[in-house]
Amino acid sequence: MVKNDLFLRALQGKSVPRPPVWMMRQAGRYLPEFIKIRKKYDFFTRCRTPELASEITVQPIRRFGMDAAILFSDILVVPQAMNIEVEMKAGVGPWLPNPIRSQKDLDSVIIPDIQDSLGYVMNAIKATKELLNDEVPLIGFAGSPWTILCYCVQGQGSKNFDKAKELCFTQPQVAHQLLQKITDTTIAYLKEKVKAGVDAVQIFDSWGGMLSPVDYQEFSWKYILQIIDALKDDAPVIAFGKGCWFALEEMAKSDVSALGVDWTISPKLARQFTQNKVTLQGNFDPSRLLSPPSEIKKMVKQMIDEFGKDKYIVNLGHGILPNIPLDNVKAFIDAVKEYE
Ligand code: CP3
């Protein structure tokens, strides 16, 4: 149905003339047309207004022609729907004034009706599908239960999420109940997103790499696996675990369609750990987009050579940084399109 189906073919493991390319956090802060909208509307207004969310989603596609769009939204709309207050503070980032630190706090956390609380996301998906006009597929996303717990317990971003870990290790029953509530909500949420029109879903485990390999299985992967199993018959699922190279072998045993990898692992080792069982996505160091365009092009070509053109989706190893010049983004995308 979509005209450019490179991304969907790569997710199915089918052979392609060249790999597809998109960039994590591509709808955002490095784009002048985004900054213009940001000046007029606050963050959650942008998320809740379908005309704004859809416009921001297609901005990078219009300018650079990525092979997939990712819906403009945020992973923190899920805890918000679960009755946890979330603000986006200028200069601070996410701010949760009433963090979850006890059984009593947990009792106020609900598993919401998705249409009632997150219907605006479904409306944004429908508006975006119309704007995209079936040119490229649309990706929907959610945070992993562990990454959402990190914000719910810590109350804000952190270098080590010490309070989140403290809850897991001192009150594990509370942590597991919270993780299960987030998992149940996320499954229902992603199923609605697929019904509303997204062509694939990605789970962002941005803080999985904070955990030891053993704790990762207990507090993160176990729950991601529930989401994969619940969604696999609805749409392809991509799991991105930042810093989670140690878990790749286990992750590849699941029914996931693709695994995201960051730049701390070589393409060769990532293939070895996953035994070529799944499509891999990544893993250009976002800071490397500060290199001159000619060098970016060389590095991208080498990255594709190393991963191989099949079962591969070109991407960064984490979100694009706000200070990346537009010409450098263009060099990254063009290098993939010129690959032969
Ligand atoms: O990828 C895209 O372009 C789609 C939109 C998207 C946003 N957030 C928009 C956003 C996506 C996929 C996310 C995911 C997200 N949000 C993650 C996982 C990916 C990652 O980067 O690890 C996380 C951890 C969050 C939580 C979050 N939201 C943080 C830490 C911040 C503040 C720091 C920052 O990145 O600027 C946000 C705010 C946010 N989400 C912004 C955008 C464009 C910037 C604030 C603004 O525009 O006012």
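For the single chain, residues carry numbers from 1 onward in sequence order. Order of listing sets the numbers, starting from 1, for every ligand and every atom in it.
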**Message:** For ligand 1, which is the ligand I care about here, please tell me if T147 has any N or O atom under 3.5 Å from one of the ligand's N or O atoms.
**Reply:** no
Give the atom numbers and elements of ligand 1 that come within less than 4.0 Å of a heavy atom of [X].
{"X": "L71", "answer": "4 (C), 5 (C)"}
{"X": "S206", "answer": "18 (C), 19 (C), 20 (C), 22 (O), 24 (C)"}
{"X": "S73", "answer": "5 (C), 6 (C), 7 (C), 8 (N), 9 (C)"}
{"X": "F72", "answer": "9 (C), 43 (C)"}
{"X": "F34", "answer": "43 (C), 47 (O)"}
{"X": "A27", "answer": "2 (C), 3 (O)"}

**Item:** Partner of I296 under side-chain contact (heavy atoms from CB on, under 4.5 Å), chosen from N328, L290, V329
**Value:** N328
**Message:** My understanding is that only one of K277, K311, E306 makes a side-chain contact (heavy atoms from CB on, under 4.5 Å) with R271; could you say which?
**Reply:** K311
Report the member of [options] with the shortest heavy-atom distance to [atom].
{"atom": "atom 41 (C) of ligand 1", "options": "Q59, R25, Q26, K242", "answer": "R25"}
{"atom": "atom 20 (C) of ligand 1", "options": "H318, R38, Q156", "answer": "H318"}
{"atom": "atom 24 (C) of ligand 1", "options": "F204, Y151, W95, F240", "answer": "Y151"}
{"atom": "atom 48 (O) of ligand 1", "options": "M24, R46, M88", "answer": "R46"}

Nearest protein heavy atom with distance in Å, relative to [atom]:
{"atom": "atom 17 (C) of ligand 1", "answer": "I75 CD1, 3.7 Å"}
{"atom": "atom 12 (C) of ligand 1", "answer": "F141 CZ, 3.4 Å"}
{"atom": "atom 40 (N) of ligand 1", "answer": "D74 OD1, 2.7 Å"}
{"atom": "atom 45 (C) of ligand 1", "answer": "F43 CD1, 3.9 Å"}

**Asked** Would you say the side chains of T183 and T186 form a donor-acceptor pair under 3.5 Å?
**Response** no
**Distance-only donor-acceptor check, side chains Y151 and W207, under 3.5 Å** = yes
**Prompt:** Looking at N315 and M303, what are the two nearest heavy atoms and their distance?
**Reply:** O-CE, 4.2 Å
**Request:** Under 4.0 Å, heavy atoms only, figure out whether ligand 1 is touched by the backbone of R29, its side chain, both or neither.
**Result:** side chain
**Complete:** Short version for P94: what comes under 4.0 Å of ligand 1, heavy atoms counted, is side chain
**Message:** With salt bridge (charged side-chain N to carboxylate O under 4.0 Å, His left out) as the rule and sequence neighbours excluded, what pairs involving residues 322-332 come up?
**Reply:** K330-D334
Do any side-chain atoms of residues 76-85 form donor-acceptor pairs under 3.5 angstrom with protein atoms, and if so which ones, sequence neighbours left out?
| unit_1 | atom_1 | unit_2 | atom_2 | d |
| --- | --- | --- | --- | --- |
| Q80 | OE1 | R48 | NH2 | 3.2 |
| Q80 | NE2 | V86 | O | 3.1 |
| N83 | ND2 | S108 | O | 3.0 |

**Message:** Once rounded to the nearest 0.5 Å, what's the spacing between atom CG of L179 and atom SG of C168?
**Reply:** 6.0 Å
**Asked** How about R101: does its CZ atom have over 12 heavy atoms from other parts shown lying under 6.0 Å from it?
**Response** yes
**Prompt:** Cation over ring, K193 on F141, under 6.0 Å and within 45°?
**Reply:** yes
**Message:** Taking the side chain as everything from C-beta on, heavy atoms only, tell me whether V21 gets closer than 4.5 Å to Q26.
**Reply:** no
